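The structure appears right after this line, and notes come after that.
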Amino acid sequence: MRLAFGWRAPRRGIIGMIASGRIESVGRDVKSFKEGDEVFGMDGFRAGTYAEKVCWPATTQLALKPANLSFEEAAALPYGGLLASFFVRRLKVGAGRRVLIYGASGAIGTSAVQLAKHLGAEVTGVCSTGNVDLVRSLGAAAVVDYTKEDFTQRGDRYDVIFDAVGKRKSAQAMANSAAALTSGGVAMSVDDSFPRTNTSDLMALKQLAESGELRPVIDRVYPLDDIVEAHRYVDLGHKKGNVVVTVAPSVG
Ligand SMILES: NC(=O)c1ccc[n+]([C@@H]2O[C@H](COP(=O)([O-])OP(=O)(O)OC[C@H]3O[C@@H](n4cnc5c(N)ncnc54)[C@H](OP(=O)(O)O)[C@@H]3O)[C@@H](O)[C@H]2O)c1
């Protein structure tokens, strides 16, 4: 990540990769969007969304905002939703598969639970005590509280184990994950691959949000003036879903 975004500090003075807002103007060759369109999206390469305005090329993963979501809710979808879409596809999550999501209450985890459920999988979520109800409400058939129980010791077997926490914290718990796999089952961490995200997945997220099958989970909303506090909170590593930053008071 440092190679991509800057070794000692961010290459770009203004960071931020995700946004939802209203298009102010488009270049003359842009046909897919027009002034006034309400959009949401992510540009993993350019950054710059911690600002009132961002200038994105037409190649950015951008789509019309789900009609039923506020700008804050829409901004909470692309990061976790696109990464979860990549891994769910990679892991061949589908109907009838038994899937365990480790870290089911984070940004990627809350999306992964809902996408796996949408695809017909039988989902087990792993999270801490305070997030058990949240994860169940997202569609998990079973929830394991990792502060009380080790999922690898329950005797249950899964076709897919997806670590959405990240290896820095999950290494110990995931070390025994092979014991909880079915024969032919597969375990993967969110840190095992550099996810390739795409606009068609973003359109799919929009449709799922509009049909009520995908709910953006927002923990806290901060104004841009409180961005330091927002980052400190995220760095604690226990947010529920997403933290959203509002930039202009008129947006929302
Ligand atoms: N491959 C890539 O390009 C890429 C890109 C972005 C992110 N990532 C990885 O994805 C990870 C998750 O990102 P995120 O934004 O979804 O994180 P997040 O929203 O902060 O969620 C992490 C979740 O992990 C759980 N957790 C924290 N400490 C834990 C522990 N010791 N044991 C078990 N669970 C624990 C938390 O749930 P509780 O509060 O219930 O504990 C939290 O909900 C990152 O840490 C990073 O490693 C990879």
Side-chain angles (χ1 to χ4, degrees), residues 1-6 10 15-18 42-45 47 49 61 75-91 100-116 123-138 140 142-154 161-177 180 187-198 201 205 214-222 229-245:
M1 294 303 269
R2 280 170 186 262
L3 279 175
F5 295 115
I15 60 172
M17 297 189 286
I18 296 120
M42 175 164 102
D43 193 317
F45 296 101
T49 61
Q61 286 153 23
L77 274 185
Y79 162 65
L82 289 174
L83 266 70
S85 300
F86 171 84
F87 283 101
V88 157
R89 187 179 309 113
R90 187 84 187 263
L91 288 161
L100 180 131
I101 314 283
Y102 190 75
S105 58
I108 300 166
T110 52
S111 291
V113 169
Q114 295 180 84
L115 291 175
V123 183
T124 296
V126 182
C127 60
S128 61
T129 314
N131 291 323
V132 169
D133 289 345
L134 166 69
V135 172
R136 196 167 283 126
S137 77
L138 298 174
V143 184
V144 180
D145 178 348
Y146 71 81
T147 67
K148 298 182 178 152
E149 206 178 351
D150 177 347
F151 77 89
T152 65
Q153 302 299 312
R154 284 163 61 97
I161 296 178
F162 174 49
D163 161 32
V165 172
K167 286 180 172 174
R168 198 165 54 87
K169 288 182 179 171
S170 66
Q172 201 179 342
M174 293 294 288
N176 298 325
S177 61
M188 181 179 264
S189 167
V190 65
D191 289 328
D192 280 336
S193 184
F194 190 79
R196 290 204 192 93
T197 57
N198 62 66
D201 280 345
L205 296 176
L214 178 62
R215 166 163 73 91
V217 176
I218 297 179
D219 187 340
R220 295 185 180 185
V221 179
Y222 290 88
E229 208 181 304
H231 269 266
R232 284 199 179 121
Y233 180 65
V234 169
D235 287 347
L236 294 175
H238 290 284
K239 66 181 157 64
K240 298 174 202 293
N242 300 268
V243 166
V244 174
V245 174

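In this text, all values refer to a predicted model and were calculated from it rather than measured experimentally. Below, each value reflects all heavy atoms present in this structure, side chains not excepted, and no hydrogens, waters or symmetry copies. Counting convention: from 1, in listed order, for ligands and their atoms alike.
A donor-acceptor distance shorter than 3.5 angstrom exists from the side chain of T49 to the backbone of G16, with no hydrogens or angles considered. At least one donor-acceptor pair closer than 3.5 Å links the side chain of D192 to the backbone N or O of S189. D219 contributes a side-chain N or O that, together with a main-chain N or O of K240, makes up a donor-acceptor pair within less than 3.5 Å. Within the 3.5 Å criterion, the main-chain N or O of K167 finds a donor-acceptor partner in the side chain of D191. Checking side-chain atoms of E149 against main-chain N and O of R154 turns up no donor-acceptor pair under 3.5 Å.
Of all heavy-atom pairs between T152 and A173, the closest is CG2-O, 4.2 Å.
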Can you list every pair where an N/O of ligand 1 is under 3.5 Å from an N/O on the protein?
residue: ligand 1; atom: 1 (N); partner: V190; partner atom: O; Å: 2.9
residue: ligand 1; atom: 1 (N); partner: S193; partner atom: O; Å: 3.0
residue: ligand 1; atom: 13 (O); partner: Y79; partner atom: OH; Å: 3.3
residue: ligand 1; atom: 15 (O); partner: Y79; partner atom: OH; Å: 2.7
residue: ligand 1; atom: 16 (O); partner: A107; partner atom: N; Å: 3.2
residue: ligand 1; atom: 16 (O); partner: I108; partner atom: N; Å: 3.0
residue: ligand 1; atom: 19 (O); partner: A107; partner atom: N; Å: 2.9
residue: ligand 1; atom: 19 (O); partner: K239; partner atom: NZ; Å: 2.5
residue: ligand 1; atom: 37 (O); partner: S105; partner atom: OG; Å: 3.1
residue: ligand 1; atom: 39 (O); partner: N131; partner atom: ND2; Å: 3.4
residue: ligand 1; atom: 39 (O); partner: H238; partner atom: ND1; Å: 2.9
residue: ligand 1; atom: 40 (O); partner: S105; partner atom: OG; Å: 3.3
residue: ligand 1; atom: 40 (O); partner: S128; partner atom: N; Å: 2.9
residue: ligand 1; atom: 40 (O); partner: S128; partner atom: OG; Å: 2.6
residue: ligand 1; atom: 40 (O); partner: N131; partner atom: ND2; Å: 2.9
residue: ligand 1; atom: 41 (O); partner: Y146; partner atom: OH; Å: 2.4
residue: ligand 1; atom: 41 (O); partner: H238; partner atom: ND1; Å: 3.0
residue: ligand 1; atom: 43 (O); partner: S105; partner atom: OG; Å: 2.9
residue: ligand 1; atom: 43 (O); partner: G106; partner atom: N; Å: 3.1
residue: ligand 1; atom: 43 (O); partner: K239; partner atom: O; Å: 3.2
residue: ligand 1; atom: 45 (O); partner: V165; partner atom: O; Å: 3.0
residue: ligand 1; atom: 47 (O); partner: D191; partner atom: OD1; Å: 2.9
residue: ligand 1; atom: 47 (O); partner: D191; partner atom: OD2; Å: 3.0

